[in-house]
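Only one structure is covered here, and it is reproduced in the block below.
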Amino acid sequence: MARYNAKESESRWQGVWAKCNAFAAPNDSSRPKSYVLEMFPYPSGRIHMGHVRNYTMGDVLARFRRAQGCNVLHPMGWDAFGLPAENAAREQGIDPRVWTAANIKTMRGQLKAMGLAIDWSREFATCDPSYYAHQQKLFVEFHRAGLVYRAEADVNWDPVDGTVLANEQVIEGRGWRSGALVERRKLAQWFFRITDFADELLFALDELPRWPEKVRLMQKNWIGRSEGLRFAFTLSNGESIEVFSTRPDTLFGASFLALSPEHPMAQRLSSSDPALARFVAECRRLGTAEEAIETAEKSGYDTGMTAQHPFDPDWKLPVYVANFVLMGYGTGAIFGCPAHDQRDLEFARKYGLPVLPVVVPEGIAPQDFSIDRESYTGPGRIANSRFLDGMNVEAAKAEVRQRLERSGKGRAATLYRLRDWLVSRQRYWGCPIPMLHCDACGIVPVPENELPVLLPADARFDLPGNPLDHHPTWKHTWCPRCGKAARRDTDTLDTFVDSSWYFARFCNTAAAEPVDSTATHYWLPVNQYIGGIEHAILHLLYARFFTRALRRLGNVEIDEPFSGLFTQGMVCHETYRDANGQWLSPDEVEKSGGIARRRDTGAPVEIGPSEKMSKSKKNVVAPETIIDLYGADTIRWFMLSDTPPERDIEWTEAGAEGCWRFVQRIYRLVTEASGLPNPGTTNLETANWGGGGEAAVELRRASHRAIAWVTEDLEGLRFNRAVARIYELANAIGASPANIDGSVRREALEILVRLVAPMMPHLAESCWQALGHTSLIIDGAWPVADPDLVRSDTVTIAVQVDGKRRGEITIEREADAETVRAAALGADGVMRALAGRVPRKVIVVPQRIVNVVT
RNA sequence: GCGGGCGUGGCGAAAUCGGUAGACGCAACGGACUUAAAAUCCGUAGGGCCGAAAGGCCUGUGCCGGUUCAAGUCCGGCCGCCCGCACCA
């Protein structure tokens with residue numbers, strides 16, 4: 001019996017596909033287009049199981065769409081700028097270009113070994129000057145359009161990576177990459193005006209039905225839109241201070257004003273008030289230790305000043321500097337209404353300030369309502385508020401707004417949590433910012449005919465700091481406006497800029513312009529984007545912004561880059577530790593009967609929980625090892641089986657073996673089938689139904705049901721269910737009688753092979769050939785189910801007595817209710833359960849169930 | 001604290017328009033083939049009870065309660081786990 005030789009088959013078919021350029025996508029076609037994209041990889045060195053899962057899912061979809069007759073764009077590239085290359089240069093003295101190119105070479109080979117249906121002619125790396133040149137053009141265009149600006153701001157400084165970071169890149173007070181505690185610094189930096197699009201980016205989330213709810217919600221929260229009122233209080237020293245509030249309806253419940261310790265006025269006052277200066281310094285100290293924020297008690301410093309209530313000049317409120325007021329949000333100053341804000345309440349209790357409820361829940365008399373430890377933030381009627389009394393919250397908000405606007409003290413305002421995107425990085429291995437600093441002319445963009453600004457090839461990495469900055473000559477140039485000496489900007493762009501438009505460049509990688517509008521008009525938006533949830537905010541928000549910016553500049557016509565988004569789960573594995581608590585890798589461990597031992601010494605090993613594969617816990621399995629052992633189809637099949645794609649999957653050796661057995665099983669079913677008519681000569685009308693006739697019909701039904709189910713499951717990216725359906729069909733074929741009609745068996749086998757093809761493409765080609773075909777299965781159409789075979793003429797339904805299953809009946813699908821009722825009452829188990837009792841009621845749900853109620 | 005998601009066999013999971021719970025896979029067990037092993041094939045299987053068997057009965061989807069002829073699915077209240085944001089005015 002011939003075993004399937006995966007290694008031979010896979011390299012052979014990969015060669016055949018490459019030779020006929022099978023996956024090259026023309027930029028125009030009469031076929032409908034489908035753009036399938038997985039998040040492109042960072043060339044870290046080797047592909048890992050996460051990549052395998054990601055690219056397998058995308059590949060199944062790309063091949064499925066291709067079989068359905070689409071012109072499919074499925075490209076691959078490299079997110080190739082970034083710190084690891086620069087760190088390698090520092091640690092090993094390797095040129096980042098060389099390091100990156102070597103990694104790409106290795107990883108490209110590994111991806112090709114997976115048999116991905118990729119148009120490799122479109123491949124590029126973001127570190128290619130031919131890519132970043134266009135990015136520099138876009139930067140200059142953005143600058144001209146006012147979408148880029150330079151500003152001095154309090155920024156996040158990552159002391160380990162030695163660079164600033166955007167807000168999105170600070171996770172729990174730490175740098176997203178280094179994990180170092182982020183410090184605040186005041187620096188002049190470049191920003192993208194993403195806040196210009198805050199409303200668009202927020203509201204358009206509702207028009208992305210094929211995005212996960214979770215991601216949309218995360219983006220919504222990140223943008224953090226709140227509507228309210230900005231208005232001023234007059235202080236006892238004659239100055240005025242502006243606050244922002246979403247609850248102007250509670251203005252008569254105010255009992256204090258509070259400024260952020262970083263507020264300019266607090267800073268100024270502290271210069272003549274040493275006690276305040278000490279308080280501000282203390283807040284700053286605690287502020288950076290992020291763990292402290294969580295538990296930090298509210299505290300404040302009474303400035304001794306008072307503020308006039310906007311509606312009553314005789315009502316004076318104390319003015320504090322308080323540790324819980326943030327300078328980075330709103331105006332850095334608030335009015336405190338303790339009864340209706342928990343933070344204000346805690347503050348008021350500590351300093352003995354009044355707590356006056358002004359919103360009273362419906363049905364409670366104002367005098368019966370008081371606040372103890374919990375503030376009240378629900379709806380209700382306004383009380384204790386003069387002209388607002390009796391109104392509901394919304395009406396009171398509107399009334400306060402109108403009065404303050406009329407008196408010129410305030411105006412409606414919408415605030416966002418979202419900040420502009422800081423894109424400067426004090427690093428070498430990135431896209432140079434094409435800007436010059438001239439003492440006479442100020443900031444001057446590099447003229448287009450001098451682009452690209454190339455990275456110097458002779459940078460030194462043995463000095464601390466930014467290599468571009470301490471390069472002896474690179475930054476010195478001449479100002480294109482006045483001709484005098486000027487300095488290049490020595491910062492490079494955040495690498496998230498590189499990945500914010502690569503999907504548009506894929507549409508035409510040879511275009512003279514950054515974005516070919518004809519090609520993007522044809523291909524964009526991406527029909528299905530697939531990647532990890534870790535980019536829910538970062539990359540996906542930036543790419544959405546970039547697309548809108550490109551549209552504003554006339555480069556693209558769409559608002560949203562990705563009409564469908566799928567976030568796949570991680571790949572996990574059991575963890576192992578020896579008696580000393582040292583982590584062990586799976587290949588150092590031998591398992592039998594649930595007990596694990598060291599392979600070398602036989603010493604016992606403790607099996608830990610399954611966690612995301614990571615080098616630190618050594619629970620990694622290298623994809624190339626598995627491909628080498630079983631082939632790409634086996635690893636692909638594993639990634640699709642059992643676990644829903646959005647959940648974390650656990651890699652197990654036993655599961656991989658099971659997949660390998662199935663590969664062999666399919667091959668055996670195909671190669672051991674006998675009595676098959678030649679391809680194209682089957683005749684299902686005149687098939688010989690004698691002998692195994694009933695079985696033949698059953699097999700045809702199983703085959704066509706499989707088509708219907710697998711098609712539906714692939715449409716919904718429910719790969720695990722599609723896999724289960726394919727197992728069922730294989731089981732049905734295996735269980736069918738040996739003498740079954742050859743035409744029927746051929747039909748079943750061909751359907752099986754075609755359904756398997758997007759998932760295990762090499763095996764499918766080999767089987768297709770073994771079935772006598774000379775064409776490639778990748779050129780075959782997706783099978784279509786015969787509806788008459790999908791639905792059978794009879795149905796088997798359960799019969800319940802008082803809600804408990806007591807029997808089942810098989811009956812004509814279209815039988816009327818009376819017939820079903822009679823059959824149900826006559827069923828064995830039903831008669832027994834009734835034991836002569838007369839049913840009170842019989843509920844018949846056609847084609848589903850019968851329930852007999854006594 | 002706020003927001004979201006999830007709790008189903010030994011394990012991954014199906015069943016979401018309320019209608020036979022556990023499809024399919026992994027692991028396990030029994031058997032066949034084999035000198036033996038591998039590979040393969042057949043069979044068993046939520047738990048419990050009755051029965052020689054065929055089969056039957058009870059019970060079961062985190063817990064408590066409700067709606068319904070019927071609840072894994074809907075509603076109310078708990079418990080547990082995971083994720084995101086976190087003093088955002």
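A, B, ... follow the sequence lines: proteins, then strands. Residue 1 opens every chain. The figures that follow rest on heavy atoms only: side chains count, while hydrogens, waters and symmetry mates do not.
Relative to the side chain of A654(A), the nucleotides C24(B), A27(B), A13(B) differ in distance, and A27(B) lies closest. In the set C87(B), C26(B), A21(B), the nucleotide with an atom closest to the side chain of R805(A) is A21(B). Of the candidates C17(B), U20(B), C88(B), the closest approach to any side-chain atom of R848(A) belongs to C17(B). Distance from the side chain of N221(A) is smallest to G3(B) among A13(B), G3(B), U20(B). In this structure, the nucleotide among G25(B), G12(B), U59(B) sitting nearest to the side chain of Y727(A) is G25(B).
Between F662(A) and the options W637(A), Y667(A), F638(A), a ring-ring contact (aromatic ring centres under 6.0 Å, His included) holds for only W637(A).
In RNA chain B, consecutive stretches of 3 or more Watson-Crick or G-U wobble pairs with both distances under 3.5 Å are given as paired ranges: B:1-7 with B:79-85, B:10-12 with B:24-26, B:28-32 with B:40-44, B:46-50 with B:55-59, B:62-66 with B:74-78.
Residue-level contact check: D344(A) touches neither bases nor backbone, having no heavy atom under 4.0 Å from any strand. Within 4.0 Å (heavy atoms only), R806(A) reaches sugar-phosphate atoms of the nucleic acid but no base atom.
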Can you check each nucleotide of nucleotides 68-83 of chain B against protein heavy atoms at under 4.0 Å and return B for base, S for sugar-phosphate only, - for none, in 5' to 3' order?
-BS------------S
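Checking the phosphate oxygens (OP1, OP2) of C11(B), no side-chain nitrogen or oxygen of T652(A) falls inside 4.0 Å.
Checked against the 6.0 Å centroid threshold, Y301(A) and Y320(A) do not count as a close aromatic pair.
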